[in-house]
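For reference, positions follow the sequence shown, starting with 1. Quick note: numbers below take in every heavy atom, side chains included, and nothing from hydrogens, waters or symmetry partners. Being a predicted model, the structure only gives us computed values, none of them experimental.
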Amino acid sequence: MRKYIVFFFLIILLISCEKEYIIKNNSVYLKGWNEGNGNYERLMKNADAETFENLKFKGINGIFGKDKKTVFFDGEMIENCDPKSFKFIGNYLFKDKDALFFFGFYSSSNDWRIETLNPEKARIFEYPWSTDGVKLFYGYKPIKLENIIDFKAIDENWGKTKTKIIYENNVIEKADYETFEVLSYSLAKDKNHTYQYGKIKN
C-alpha cells in the first residue's frame with residue numbers, strides 16, 4: 001500500500017510543478033498544464049492582484065498564495081483563513097489565529113479547516129497525527145480521547161495511548177491492549193480478534 005501512496009504523491013508533485021500563480025492584466029491566474037486541456041490559465045476571481053503574493057513551503061505538494069483578504073491553495077480560496085497569521089507548522093499542518101488547517105489528505109475544501117479553541121497549542125506527533133491539547137487529530141479528523149499527552153503514533157494509520165488503541169480517527173474499544181499487534185497498514189490482531197481497517201474481522 002505504501003508504494004501506491006508514494007506513487008500518488010509523486011504524481012501530485014509532478015502536477016503541482018506545472019502550476020503557478022501569475023499576475024496578468026491586473027488579475028491573478030492559476031497557470032498550469034494537464035493532459036486533457038494542455039496549457040491553461042484560470043482566472044481567480046476572488047484574488048486581489050495588487051496584494052497577491054506566492055507562498056513557498058518546503059515539502060508541501062500543492063501551491064499556496066495569499067492576498068490582503070485570504071489564502072489560496074491550488075487555486076481555491078481557503079474559507080475563513082487569516083492571511084496575516086497563516087503559518088506552516090509542519091507535516092501539512094498550518095494555523096492562523098483562529099484555527100488549524102490540514103492539507104495532507106481531504107475529500108473537499110470543507111475538510112481543510114479544523115475548528116479548535118487552541119491553535120497556539122498545536123503540536124505535531126508524526127504525520128498525520130497532531131493535537132491542540134484538547135483533541136487528537138488524524139489529519140483533519142478529530143478524535144475524542146483522554147490522556148492525549150500519552151499518545152504515540154505506531155504508523156500513519158495506527159496509534160496508541162497507555163490504555164487505548166486507535167485506528168485513524170476511531171478508538172478500538174474492544175482491543176486487548178497487552179496482546180495487540182499491528183500487522184500492516186490495515187490489519188492488526190490481539191488474542192481475541194483480527195481487525196481490518198479498525199473493525200473486528202473475526
Any donor and acceptor pair, going by atom type alone, linking the side chain of Lys152 with main-chain N or O of Lys162 inside 3.5 Å?
-> no

Measuring from Asn157:CG to Leu187:CG, what's the distance to the nearest 0.5 Å?
-> 12.0 Å

Show the atom names and distances, to 0.1 Å, of all donor-acceptor pairs under 3.5 Å that link a side chain in residues 81-90 to residues at least two apart or in another chain.
residue, atom, partner, partner atom, Å
Asp82, OD2, Ser85, N, 3.0
Asp82, OD2, Ser85, OG, 2.5
Ser85, OG, Lys97, N, 2.9

Inter-residue atom distance Asp67.CG - Thr51.OG1, 0.5 Å rounding = 4.5 Å

If you measure from CG on Asn169 to CG on Leu145, what distance do you get to the nearest 0.5 Å?
-> 11.5 Å

Is there a donor-acceptor contact under 3.5 Å from the side chain of Asn118 to the main chain of Glu120?
-> no

Test His193 against Asn202 for side chain to side chain contact (heavy atoms under 4.5 Å, CB included), laying out the working first.
-> CA-CA 6 Å; His193 303 288; Asn202 57 47; 5.8 Å; no

Looking only at atom types and distance, does a side-chain atom of Tyr195 sit under 3.5 Å from a main-chain N or O of Phe180, one as donor and one as acceptor?
-> no

Are Asp74 and Lys19 side-chain neighbours, meaning at least one heavy-atom pair lies under 4.5 Å?
-> yes

Of Leu93, Leu100, Ile114, which is the lone residue that meets side-chain contact (heavy atoms from CB on, under 4.5 Å) with Tyr140?
-> Ile114

Residue pair Met44 / Asn46, side-chain heavy-atom distance below 4.5 Å = no

Test side chain to side chain contact (heavy atoms under 4.5 Å, CB included) on Tyr21 and Lys31 and set out the steps.
-> CA-CA 6 Å; Tyr21 298 117; Lys31 181 180 179 181; over 6 Å; no

Are Asn61 and Tyr92 linked by a side-chain donor-acceptor pair shorter than 3.5 Å?
-> yes

Could you tell me whether Leu117 atom CG has more than 12 heavy atoms of other residues or ligands within 6.0 Å of it?
-> no

Over 12 foreign heavy atoms within 6.0 Å of NZ, Lys121 | no

Just how far is it from atom OH of Tyr197 to atom OG of Ser186, taken to the nearest 0.5 Å?
-> 4.5 Å

Smallest separation among heavy atoms of Phe151 and Gly159, with atom names = CE1-CA, 3.7 Å

Tell me, do Ile63 and Asn54 make a side-chain contact under 4.5 Å, heavy atoms counted?
-> no

In terms of the angle between their ring planes, are Phe73 and Phe64 parallel, tilted or perpendicular, with boundaries placed at 30° and 60°?
-> tilted

Is there side-chain contact between Val28 and Lys45, with at least one heavy-atom pair below 4.5 Å?
-> no

For residues 186-196, the salt bridge (Lys or Arg N to Asp or Glu O under 4.0 Å) pairs (sequence neighbours left out) are none

Taking NZ, NE, NH1 and NH2 as the nitrogens, is one of them in Lys164 or Glu173 under 4.0 Å from a carboxylate oxygen of the other?
-> yes

Using the side chain to side chain contact (heavy atoms under 4.5 Å, CB included) rule, take Ile165 and Tyr177 through it: C-alpha gap first, then chi angles, then the decisive distance, then the call.
-> CA-CA 7 Å; Ile165 301 294; Tyr177 188 89; 3.9 Å; yes

First locate atom CD1 of Ile143, then atom CG of Asn170, and finally report the distance between them rounded to the nearest 0.5 Å.
-> 7.5 Å

Under 3.5 Å, side chain of Trp129 to main-chain N/O of Gly139, donor-acceptor pair present?
-> no

More than 12 foreign heavy atoms under 6.0 Å from CD of Glu41: is that the case here?
-> yes

Indicate yes or no for a side-chain donor-acceptor contact from Arg113 to the backbone of Asn80 under 3.5 Å, with no hydrogens or angles considered.
-> yes

Kindly compute the distance separating CG (Asp111) from NZ (Lys141), expressed to the nearest 0.5 Å.
-> 8.0 Å

So which of Phe102, Phe103, Phe101 actually passes ring-ring contact (aromatic ring centres under 6.0 Å, His included) with Phe94?
-> Phe103

Non-hydrogen side-chain atoms of Lys66 and Phe72 separated by less than 4.5 Å | no

Can you find a side-chain donor-acceptor pair between Thr161 and Asn147 that sits under 3.5 Å?
-> no

